[in-house]
Number of protein chains: 2
Amino acid sequence: MMPPTLIASSLAAAPRPLFPPLERPLGPDELEQALRAFQGSYYVEHPFHRLMYEGGLTQRQFQGWAANRLAYQRVVPRKDGAILSNCPESDVRREWIQRIIDHDGTESGTGGIEMWIRLGVALGVPREEMEDERHVLPAVRLICESYVTFCRTKPWQEAVASSLTELFAPKIHNQRIESYPKHYPWIPPEALDYFRSRLVQAPKDVTHGLRLVKRWATTPERQRKVFEALAFKLEMLWAMIDTIHNAYRQDDGS
Amino acid sequence: MMPPTLIASSLAAAPRPLFPPLERPLGPDELEQALRAFQGSYYVEHPFHRLMYEGGLTQRQFQGWAANRLAYQRVVPRKDGAILSNCPESDVRREWIQRIIDHDGTESGTGGIEMWIRLGVALGVPREEMEDERHVLPAVRLICESYVTFCRTKPWQEAVASSLTELFAPKIHNQRIESYPKHYPWIPPEALDYFRSRLVQAPKDVTHGLRLVKRWATTPERQRKVFEALAFKLEMLWAMIDTIHNAYRQDDGS
């Protein structure tokens with residue numbers, strides 16, 4: 001007989017990424033490879049995302065996800081503001097600021113946050129209910145705020161390293177662009193606009209972030225900080241999707 | 001016989017601005033007028049600035065001033081990043097971000113910080129000595145950092161209110177544009193570029209800042225916070241110029 005299992009707790013933690021031995025400093029390319037090897041802890045591997053790409057989500061689950069994930073979209077420019085606030089280098093700020101512009105847009109009705117709201121609307125959440133965040137779980141709000149706090153309180157180079165989950169983002173965006181039309185005929189095509197835009201923006205962000213991290217993290221001590229920063233962010237994303245999954249779980253447990 | 005006077009301490013404090021009675025909330029226009037009435041505490045009134053506009057500064061004093069004031073230029077985008085980080089409103093951030101772009105520029109060799117460095121170079125400070133901040137007094141550094149801390153730790157609306165010293169800035173910029181060619185023939189004309197650029201940028205900033213403050217500060221409690229924020233910033237600027245003055249004082253005490 002199978003022992004009883006606690007399904008929730010088995011999902012609650014991200015697979016722990018493997019830190020490389022740091023008895024000597026890694027070279028820049030080794031550092032990048034070791035960071036990329038954290039991919040297995042990215043929340044694309046979470047059961048909720050697997051359900052999503054296999055066609056197993058209900059419309060209610062999709063809606064709950066989009067409404068909650070907006071809280072994350074909305075903290076992104078704030079954590080980027082915190083990085084600017086901690087960074088004394090004009091050259092770095094001048095490039096980093098583009099992330100805020102990408103998310104807030106250049107005028108009302110543009111930018112990543114607005115595109116995410118439109119995703120929610122496309123999935124059937126009224127715009128008003130997206131904007132007033134009535135569906136955002138308090139736990140999700142706190143999880144997102146922890147990202148702002150991290151970027152406020154850590155050296156800016158570590159905050160930059162935490163942004164490197166973008167290394168793994170193209171996979172998640174491509175999976176959405178491919179799987180939604182296949183499995184969810186009720187989702188209108190404009191729901192994919194946000195993901196398409198990120199496929200253009202994210203590689204620029206990754207190139208800049210990697211360049212800064214490789215320039216700074218030349219000692220084992222700094223490299224450990226970089227791995228810890230990326231591990232924190234992976235855990236934060238995992239905690240967010242896990243919380244959403246548990247809140248909108250179907251009767252059969254999926 | 002005149003009693004002995006402690007000159008330094010008589011300069012150390014800014015004239016205390018007069019807070020209006022707040023038994024009832026001020027209307028938006030009253031609020032603006034009461035904020036504008038803080039002008040008498042602006043550091044344009046400090047003896048060092050009076051000396052500057054009367055032609056009484058030596059080149060050494062000018063150089064010490066420009067090299068130290070760069071520390072302030074350099075914290076401005078950081079305090080604006082802190083405001084973005086605390087502000088949950090995309091519409092506000094989208095406009096506020098322009099201040100960071102104004103200071104950091106859109107490419108290397110542009111922006112307000114670079115223009116301030118050129119001012120120092122025009123006054124005879126080698127670029128290298130401007131950039132590495134070797135002349136920046138530790139007290140000036142701490143004073144400037146207090147502004148970032150204020151904007152990090154206070155509600156963003158109060159941080160916005162602290163920026164309203166810009167209300168009084170056109171006077172200071174015009175005084176420089178007028179007095180330098182008159183009193184200091186050794187100063188090349190390009191030294192005025194920064195001040196000319198601020199005459200264009202500052203009014204936009206003031207309009208936005210005032211709009212946000214008037215929208216938010218509708219109760220006596222909030223209005224008191226707004227006055228306190230502006231008083232803090234006036235004191236900070238005064239402390240900075242006073243520290244610079246004392247450090248570069250001439251033998252005759254001026």
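Throughout, a chain's letter reflects where its sequence line sits, starting with A, and its residues are numbered from 1.
- Within the 4.5 Å cutoff, the side chain of His103(B) has no heavy atoms near those of the Ser90(A) side chain.
- A distance of 5.0 Å separates CG of Leu84(A) from CD1 of Ile100(B), quoted to the nearest 0.5 Å.
- For the options Arg74(B), Glu107(B), Glu95(B), heavy-atom pairs under 4.5 Å to chain A are most numerous at Glu107(B).
- Around CD of Glu221(A), the count of heavy atoms belonging to other residues, nucleotides or ligands within 6.0 Å does not exceed 12.
- The local environment of CD in Glu235(A) is sparse, with at most 12 non-hydrogen atoms from other residues, nucleotides or ligands closer than 6.0 Å.
- Between the side chains of Ser85(A) and Arg152(B), at least one donor-acceptor pair of N or O atoms lies under 3.5 Å.
- In this structure, chain A has no heavy atom under 4.5 Å from any part of Cys151(B).
- Ion pairing between Arg93(B) and Asp104(A) holds under the 4.0 Å rule for side-chain N and carboxylate O.
- Interface residue Asn86(B): backbone and side-chain heavy atoms are both found under 4.5 Å from chain A.
- Most heavy-atom pairs under 4.5 Å with chain A: of the set Ile113(B), Thr106(B), Val148(B), this distinction falls to Thr106(B).
- The parts of Ile97(B) that come within reach of chain A are both its backbone and its side chain, each placing non-hydrogen atoms under 4.5 angstrom from that chain.
- Between atom CD of residue Gln98(A) and atom CD1 of residue Ile101(B) there is a gap of 8.0 Å, rounded to the nearest 0.5 Å.
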